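Note that the structure is a prediction, hence the values are computed from the model and not measured. Scope of the values below: all heavy atoms of this structure, side chains included, with no hydrogens, waters or symmetry mates. Per chain, numbering begins at 1; letters A, B, ... match sequence-line order.
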Amino acid sequence: MDSPPPPYPIPLSPKPPLTPPQIVQKVISLLNSDKPSLASLSPLIPHLTPPLLHSILSSEILASRPLTLLSFFTWARSHLNPSQTLTQTLIPSLLALLSSLFSHNKFPDAKSLLLNFISSDRGHHLHRTLLLPARPRLSKALLDTAVGAYCQFGNPQLAVLIFKKMKRLRLQPKLLTCITLLNSLVKHPSSNRVLLCKDVFNDAVRLGVTPNTNMFNILINGYCLENRFKDALELLSKMGEYECLPDRVSYNTILDALSKKGQLSEVRDLLVDMKDRGLLPNRNTYNILVCGYCRMGWLREAAQVIELMTQNNLLPDVWTYNMLINGFCHDGRIEEAFKLRDEMENLKLLPDVVTFNTLINGCYKSKNSSNAFKLIAEMKEKGVEPNAVTHNIIIKSFCKEAKMDEASISVRKMVERGFSPDSVTYNTLIDGYCKIGNFGEAFKIMNEMGGTGLKMDIVTLNSFLHTLCRERKIEEAYELLSSVSKRGYIIDEVSYGTLIMGYFEDGNVDKAMKLWDEMKAKAIIPSVVTYNSLIGGLCKSGKMEQAITKLNELLENGLVPDETTYNTIIHGYCWVGNVEKAFQFHNKMVENSFKPGIFTCNILLHGLCKEGMLEKALTLFNTWISKGRVLDAVTYNTLITAQCREGRLEDALGLVVEMEVKKLGPDGYTYSAIIGALIEAGRNKEAEELMEKRAEMGKSSDPSLPLDKGRDMVTLEILEKSDSSSLAYSEQIRELCTKGKYRDAMHIFGELTQKGVAIDKSTYIALMKGLVKRRKPISKIISLRRVIQDTEAGCTESLLDLTRGALGEVITRPMHMELDLGERNCRVFQRKVLTMDTVASNIDRDVRACFVPWKKAASNRC
DNA sequence: GTAGGGTTAG
């Protein structure tokens with residue numbers, strides 16, 4: 001009896017598994033159907049393996065359907081089990097597919113497929129395969145496209161290797177490929193980029209490529225990027241040998257590089273040359289000039305270029321205005337920058353994201369963050385989307401104020417808006433953490449940066465170098481520089497400049513000069529800033545002749561010395577006590593159109609006072625006033641200090657009144673000078689009054705650091721009991737301090753502390769002075785103070801007060817109340833505290849703020 | 001697929 005048919009189809013028993021050839025057949029027939037549907041392939045996914053994929057992609061039946069194969073391959077890569085899609089196992093399939101695409105001239109598809117594959121091929125397996133000898137040979141189209149793809153991926157070094165293989169196989173690359181490769185090489189920072197470019201250029205010519213002007217222009221750009229202007233200019237005439245003529249791009253490239261280096265007379269010559277060739281300047285040419293002038297700070301000339309443009313029927317564009325606005329922002333003339341923005345709007349030139357970024361940055365720079373926020377809101381209203389640079393500017397502003405938590409929050413916001421932090425973001429954060437002395441966090445950010453594939457670059461390096469130098473870890477900085485250099489990374493003149501300055505500050509003139517020579521040997525051209533460091537270092541070491549030689553060298557290199565250069569040398573002559581030479585040099589420079597500013601005036605005044613020529617100083621001061629020139633607090637303090645030193649207290653007080661009237665002071669320096677002189681004259685009561693007045697001034701700040709309570713010991717010993725070895729050591733430390741070798745001094749000090757040997761008071765002062773003067777991190781200064789507290793053998797309350805004085809503490813009470821010192825000792829002591837106080841007023845405002853709690857504790861104890 | 005602006009370092 002037949003049972004009735006079941007209402008539903010009974011599930012069939014599982015089919016016997018398909019054999020691999022059957023799977024291949026099935027896929028091929030499905031793909032070969034009129035309307036192949038990838039979805040219908042889904043059940044086969046578990047059976048597909050890379051070898052099967054390869055068989056399918058090399059099938060002759062499907063060879064005529066490259067685009068079907070391409071979608072199949074893309075589909076398979078996204079659906080296959082990840083363990084099966086390791087890039088290296090897919091390479092045979094990829095090559096089969098590419099060959100099909102090339103034979104149908106599907107070059108753009110092939111290129112994007114390659115690019116996509118390369119970006120997931122972290123181990124560069126494909127690159128290795130392409131370089132291996134293959135049978136049959138890899139096609140010219142494949143190698144040619146791969147060169148372009150590796151360039152586009154941002155790795156021209158890998159592209160060059162494939163290019164070299166083409167050369168060995170005598171395969172002629174396409175002109176476009178050559179251009180792409182050259183351009184990619186030139187833009188990729190590497191120490192031998194121009195060399196590589198010339199090599200590629202020559203190889204291409206040998207392989208039969210006819211070079212065009214574009215290719216020459218890229219080479220010209222390469223030379224310009226390395227400041228090899230002579231080579232770049234030579235290339236202009238050499239192009240003719242290849243039947244190429246320079247065009248406006250050729251000229252604009254060199255003009256831009258020259259104007260960025262401030263070589264304006266060369267710019268003028270080249271413009272004439274350009275016109276002689278019948279090439280009219282275009283808008284870019286004019287914009288290059290605007291940019292050049294703005295960089296030199298010649299804003300009037302920059303604005304004149306706009307007039308010139310209009311006369312030649314070329315209207316300025318957004319670029320022109322943006323550069324001009326940036327010039328004004330740079331000069332702190334933010335209001336005029338805003339006016340320019342209005343002007344461009346009137347001309348129907350809409351401000352773009354660059355305009356806003358420039359203005360926002362300008363606002364932050366002139367400490368006007370509320371206007372910056374207004375601009376951010378405004379750009380949103382006007383539909384100008386902030387970009388990564390906008391975020392970076394905001395992040396930088398937080399870093400500048402050491403608000404690193406807020407900076408991190410901004411980074412998070414940036415990511416939420418869909419912008420990944422770039423190398424500028426990371427470098428800004430690294431620099432921010434370096435600046436507050438948090439190396440740990442800085443390194444953490446650097447590792448994070450490495451994790452995203454961004455490499456430590458020249459800016460990262462320089463941030464670390466700068467901080468290491470500032471912390472006087474100069475040898476560590478040197479190690480870092482050499483190891484980076486050995487690995488072939490680019491090192492620029494900033495890296496060298498930072499270290500050279502570091503060595504000078506460390507008193508190591510020889511090492512500094514050696515580095516300078518090393519930099520020159522590498523054909524790295526120092527900037528005016530670096531020259532200024534070198535000249536400054538030489539001056540401080542009293543090597544004035546060498547300093548002048550370097551000034552001449554600077555001029556020979558076509559650089560324009562700035563006010564700092566001249567002031568450094570004038571200061572140098574004063575420093576070595578040769579005021580006459582200082583004036584001679586000053587006059588000579590004035591003849592050469594140097595306009596001395598208040599800085600120069602103060603240097604000269606200080607030089608005169610130092611050599612006891614107070615009368616001459618006053619004459620200079622009066623001349624300066626009669627010319628209606630601006631004076632500042634430094635001017636007054638210089639003269640007041642000198643008058644106090646010479647016992648002309650009343651004259652000094654007269655100047656204090658004058659400076660008060662002009663709202664220039666008095667400041668910490670003024671008080672120190674006057675109080676010192678009052679004590680010297682025995683006018684203790686007036687001195688005390690002034691001390692109180694000064695303390696009043698400093699009451700506004702808030703305490704922010706915890707104070708180490710209960711550590712103060714009250715022992716009233718004075719270090720007369722020190723044994724002879726202690727004395728000898730003390731002397732050694734003091735000597736090192738006078739030579740500026742604080743590092744060595746601290747080293748000996750550390751050893752002595754461990755042994756429990758005390759050093760004398762003035763040695764402690766010398767060390768503390770050094771730390772403060774060298775802007776050592778606060779932690780170091782505090783820890784030295786702690787060590788002093790803990791050194792039972794030598795610790796006295798007076799000593800602690802002295803060190804406190806060194807840190808900017810205001811003494812708010814008559815000291816003899818607290819210190820059981822004799823009348824004479826007390827005066828000596830007070831003077832020392834005042835000296836320390838002067839040192840302290842040299843340190844940054846921020847640094848001083850950190851010591852407010854100490855100050856407060858001192859007043860509480862009264 | 002060649003040249004120009006805004007963010008970082010002394």
Side-chain angles (χ1 to χ4, degrees), chain A residues 148 151-152 174-184 186-187 212-222 224 246-257 259-260 282-292 294-295 317-327 329-330 351-362 364-365 387-397 399-400 422-432 434-435 457-467 469-470 492-502 505 526-530 532-533:
Chain A
C151 285
Q152 208 171 327
K174 286 186 200 163
L175 178 63
L176 177 58
T177 307
C178 297
I179 290 173
T180 313
L181 179 57
L182 285 174
N183 196 32
S184 176
V186 136
K187 296 215 167 122
N212 65 0
T213 300
N214 289 9
M215 276 171 81
F216 280 101
N217 287 346
I218 296 168
L219 286 182
I220 287 174
N221 192 20
C224 287
D247 59 6
R248 286 200 278 223
V249 174
S250 328
Y251 277 94
N252 284 347
T253 308
I254 307 179
L255 284 172
D256 178 56
S259 78
K260 283 210 172 95
N282 61 7
R283 189 146 60 190
N284 275 353
T285 320
Y286 286 109
N287 281 347
I288 287 165
L289 294 183
V290 172
C291 176
C294 285
R295 282 193 181 217
D317 61 1
V318 180
W319 285 68
T320 325
Y321 272 100
N322 284 348
M323 287 185 285
L324 211 52
I325 288 173
N326 188 38
C329 286
H330 224 79
D352 62 3
V353 64
V354 175
T355 323
F356 278 105
N357 287 347
T358 310
L359 286 168
I360 292 168
N361 192 40
Y364 280 130
K365 220 182 229 162
N387 62 9
V389 174
T390 323
H391 288 99
N392 283 341
I393 291 169
I394 297 167
I395 291 163
K396 181 195 67 174
S397 79
C399 287
K400 270 217 166 124
D422 58 12
S423 58
V424 173
T425 324
Y426 284 113
N427 284 334
T428 308
L429 291 172
I430 288 171
D431 193 54
C434 276
K435 275 214 176 101
D457 63 9
I458 186 71
V459 178
T460 329
L461 172 72
N462 289 342
S463 282
F464 279 111
L465 287 181
H466 179 206
T467 310
C469 285
R470 197 191 57 194
D492 65 1
E493 65 94 24
V494 178
S495 325
Y496 274 106
T498 309
L499 248 85
I500 288 168
M501 204 161 119
E505 298 245 317
S527 66
V528 175
V529 182
T530 307
N532 287 347
S533 309

Over how many whole Å does the gap from A:Asp431 atom CG to B:dT7 atom P extend? 15 Å
Can you check whether A:Met215's main-chain N or O pairs, donor with acceptor, with A:Asn212's side chain at less than 3.5 Å? yes
Between A:Leu182 (CG) and B:dT2 (P), how many Å, whole number? 12 Å
Name the nucleic acid region contacted by A:Asp317, choosing base, sugar-phosphate or nothing; use a 4.0 angstrom heavy-atom cut-off, strictly under. base
Categorize A:Asp422 for me: base, sugar-phosphate, or nothing, with a 4.0 angstrom heavy-atom threshold over every strand shown. nothing
Using a cut-off of 4.0 Å on non-hydrogen atoms, how would the nucleic acid contact of A:Val318 be classed: base, sugar-phosphate, or nothing? base
When all nucleic acid strands are considered with a 4.0 Å heavy-atom cut-off, which category describes A:Thr320: base, sugar-phosphate, or nothing? nothing
How would you label the contact of A:Ile393 with the nucleic acid (heavy atoms, under 4.0 Å): base, sugar-phosphate, or nothing? sugar-phosphate
Between atom CG of A:Asp492 and atom CG of A:Asn462, what is the distance when rounded to the nearest 0.5 Å? 5.0 Å
Taking the side chain of A:Asn214 as its heavy atoms from C-beta onward, which of B:dG1, B:dG6, B:dA9 lies nearest to it? B:dG1
With heavy atoms under 4.0 Å as the rule, sort A:Lys260 into base, sugar-phosphate or nothing. sugar-phosphate
Of all the nucleotides listed (B:dG6, B:dG4, B:dG10), which has the minimum atom distance to the side chain of A:Thr358? B:dG6
Just to be sure I understand the rule, does A:Lys187 reach a base, reach only the sugar-phosphate, or reach nothing, if contact means heavy atoms closer than 4.0 Å? sugar-phosphate
Under 4.0 Å, heavy atoms only, any strand: does A:Asp352 hit a base, just the sugar-phosphate, or nothing? base
Quick one: A:Arg283 CZ to B:dA3 C1', roughly how many Å, whole number? 14 Å
Just call it for A:Asn284: base, sugar-phosphate, or nothing, with non-hydrogen atoms closer than 4.0 Å on any strand. base
Return the value, rounded to whole Å, for the distance between atom CG of A:Asn221 and atom P of B:dT2. 11 Å
Over all strands shown, is A:Asn532 touching base, sugar-phosphate only, or nothing at heavy-atom distances under 4.0 angstrom? nothing
Do A:Asn326 and A:Asn361 have a side chain donor and acceptor closer than 3.5 Å? no
Between A:Asn357 and A:Asn387: side-chain donor-acceptor atoms closer than 3.5 Å: yes
Would the distance check show the side chain of A:Thr285 and the main-chain N or O of A:Asn282 forming a donor-acceptor pair, the cut-off being under 3.5 Å? yes
Among B:dG6, B:dT7, B:dG10, find the nucleotide with the atom closest to the side chain of A:Val424. B:dT7
Closest to the A:Asn392 side chain, choosing from B:dT7, B:dG10, B:dT2: B:dT7
Verify, without hydrogens or angle tests, whether A:Asn427 (side chain) and A:Ser423 (backbone) share a donor-acceptor contact under 3.5 angstrom. yes
Distance below 4.0 Å between A:Asn326 side-chain N/O and B:dG6 OP1 or OP2: yes
Ring-base stacking, A:Tyr251 with B:dA3 (5.5 Å, 30° cut-offs): no
How many Å lie between CG on A:Leu181 and C1' on B:dT2, as a whole number? 14 Å
From B:dA9, B:dG4, B:dT2, pick the nucleotide closest to the side chain of A:Asp247? B:dT2
Has A:Asn183 got a side-chain N or O lying under 4.0 Å from the OP1 or OP2 atom of B:dG1? no
Contact under 4.0 Å: A:Lys396 side-chain N or O vs B:dT8 OP1/OP2: yes
Any idea which of B:dG4, B:dA9, B:dG6 is nearest the A:Asn387 side chain? B:dG6
Can you tell me if A:Asn287 and A:Asp317 form a side-chain donor-acceptor pair at under 3.5 Å? yes
Categorize A:Thr180 for me: base, sugar-phosphate, or nothing, with a 4.0 angstrom heavy-atom threshold over every strand shown. sugar-phosphate
Short side-chain N/O contact from A:His466 to OP1 or OP2 of B:dA9, under 4.0 Å: no
